[in-house]
Engineer: 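Handing you this structure, nothing more for now.
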Amino acid sequence: MTARCPITTHVLDTARGVPAAGVKVTLRHGDKLLAAGVTNADGRITDLLPPGPIEPGEYTLDFDTGDYAKTSGHASFFPRVSIHFILDKPDAHYHVPLLLSPYGYSTYRGS
């Protein structure tokens, strides 16, 4: 089995029914900036961190949804979405998707 990044994300534009390509994302552990990336054509970021164990604790993914909305030509009530989550298993994989629409969003722990 190939090792993969311990934290991945996937952004879907549910209003348009397409992956949200070009969304800027940052990853923080507490106040420390760990990584930054941009979603690919499939709306994914799979390489924020190198493969391997990750320190347990609270992490935050910040999504620049306002910039994405502007470049996509539609409204956005939420110019930035921050998802805070707890990692408690250093060797586990954590997939944190974001489902986005102009006036709402949702998230969950994916697989």
Side-chain angles (χ1 to χ4, degrees):
M1 177 178 212
T2 304
R4 61 180 167 174
C5 177
I7 299 172
T8 57
T9 191
H10 187 194
V11 184
L12 296 171
D13 185 331
T14 59
R16 296 176 25 198
V18 298
V23 177
K24 297 173 193 164
V25 180
T26 59
L27 174 65
R28 296 183 180 278
H29 182 216
D31 292 332
K32 182 181 178 186
L33 177 65
L34 295 181
V38 177
T39 57
N40 64 19
D42 194 34
R44 297 178 184 274
I45 300 179
T46 60
D47 60 355
L48 277 172
L49 297 172
I54 190 162
E55 183 179 340
E58 185 173 333
Y59 288 77
T60 304
L61 281 168
D62 286 309
F63 299 84
D64 187 347
T65 53
D67 191 46
Y68 168 75
K70 284 178 196 172
T71 60
S72 300
H74 60 84
S76 177
F77 185 71
F78 300 100
R80 178 164 303 279
V81 173
S82 294
I83 301 172
H84 302 271
F85 53 100
I86 304 275
L87 304 187
D88 56 358
K89 296 178 181 161
D91 294 320
H93 173 253
Y94 295 87
H95 184 61
V96 185
L98 175 64
L99 305 177
L100 186 60
S101 70
Y103 299 101
Y105 64 88
S106 63
T107 188
Y108 57 95
R109 175 157 183 205
S111 57

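Owing to the predicted nature of the structure, the values given are computational and were not obtained by experimental measurement. Residue indices begin at 1 and follow the sequence shown.
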Engineer: Give me the atom names and distance for the closest heavy-atom approach of I86 to Y94.
Structural biologist: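 Smallest interatomic distance, heavy atoms only, reads O-CE2, 4.3 Å.
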
Engineer: Side-chain heavy atoms nearer than 4.5 Å, only ILVMFWY residues, links allowed to pass through others: does that put F77 and F63 together?
Structural biologist: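 In one cluster: yes.
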
Engineer: Any Lys/Arg nitrogen of D67 or K24 sitting under 4.0 Å from an Asp/Glu carboxylate oxygen of the other?
Structural biologist: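 Here D67 pairs with K24 in a salt bridge, since their nearest N and O are under 4.0 Å apart.
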
Engineer: What I'd like to find out is whether the side chain of T60 reaches to under 4.5 Å of the side chain of I83, using heavy atoms alone.
Structural biologist: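 SC-SC contact between T60 and I83 ruled out.
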
Engineer: Are side-chain heavy atoms of D64 and R80 found at a separation under 4.5 Å?
Structural biologist: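 The answer is yes; the side chains approach within 4.5 Å.
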
Engineer: Are there more than 12 heavy atoms of other residues, nucleotides or ligands under 6.0 Å from atom CZ of F85?
Structural biologist: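 For F85, atom CZ is crowded (more than 12 foreign heavy atoms under 6.0 Å).
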
Engineer: Closest approach of Y59 and P56, non-hydrogen atoms and distance?
Structural biologist: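 Minimum heavy-atom separation between Y59 and P56: CE1-C, 4.4 Å.
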
Engineer: Can you find a heavy atom in the side chain of H84 that is under 4.5 Å from one in the side chain of E58?
Structural biologist: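 A side-chain contact exists here, since the closest heavy-atom pair is under 4.5 Å.
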
Engineer: From the options V81, I45, L98, select the one residue that forms a side chain to side chain contact (heavy atoms under 4.5 Å, CB included) with V11.
Structural biologist: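 That would be L98; it is the only one of V81, I45, L98 passing the side chain to side chain contact (heavy atoms under 4.5 Å, CB included) with V11.
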
Engineer: The criterion is ring-ring contact (aromatic ring centres under 6.0 Å, His included); which residues satisfy it with Y68, sequence neighbours excluded?
Structural biologist: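 Checked Y68 against ring-ring contact (aromatic ring centres under 6.0 Å, His included); matches are H74.
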
Engineer: Is there a side-chain contact between V23 and V38 (heavy atoms, below 4.5 Å)?
Structural biologist: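 The answer is no, as the side chains (C-beta and beyond) never meet within the 4.5 Å cut-off.
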
Engineer: Considering all heavy atoms of both residues, which atom of I7 and which atom of C5 are nearest to each other, and what is their separation?
Structural biologist: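 Minimum heavy-atom contact is O-SG, 2.9 Å.
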
Engineer: With heavy-atom distances below 4.5 Å as the criterion, would you say the side chains of P97 and Y108 are in contact?
Structural biologist: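 They are in contact (side-chain heavy atoms under 4.5 Å apart), so the answer is yes.
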
Engineer: Does T65 reach the main-chain N or O of P79 with its side chain, forming a donor-acceptor pair under 3.5 Å?
Structural biologist: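 Yes: the side chain of T65 pairs with the backbone of P79.
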
Engineer: Between T14 (side chain only) and L100 (backbone N and O only), is there a donor and an acceptor less than 3.5 Å apart?
Structural biologist: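 Pair found, side chain donor or acceptor close to backbone of L100.
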
Engineer: Under a plain distance cut-off of 3.5 Å, with no hydrogens placed, do R44 and T9 share a side-chain donor-acceptor pair?
Structural biologist: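 No, no side-chain donor-acceptor contact under 3.5 Å.
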
Engineer: Tell me the closest heavy-atom pair linking A20 and T39, and the distance in Å.
Structural biologist: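 Where A20 meets T39 most closely, the heavy atoms are O-OG1, 2.6 Å.
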
Engineer: Between A69 and S76, what is the shortest heavy-atom contact and its length?
Structural biologist: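 Reported closest heavy-atom pair: CB-CB, 3.4 Å.
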
Engineer: I need the minimum non-hydrogen distance between P19 and G43, along with the two atoms involved.
Structural biologist: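 Heavy atoms of P19 and G43 come nearest at CB-N, 3.6 Å.
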
Engineer: Side chains of H95 and T8: do they bring a donor and an acceptor to under 3.5 Å?
Structural biologist: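 Yes, T8 and H95 have a side-chain donor paired with an acceptor closer than 3.5 Å.
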
Engineer: Report yes if the side chains of L99 and T107 come closer than 4.5 Å at any heavy-atom pair, otherwise no.
Structural biologist: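 The answer is no; the side chains never approach within 4.5 Å.
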
Engineer: Working note: L34 + T26, criterion side chain to side chain contact (heavy atoms under 4.5 Å, CB included); need CA distance, chi angles, decisive distance, verdict.
Structural biologist: CA-CA 8 Å; L34 295 181; T26 59; over 6 Å; no

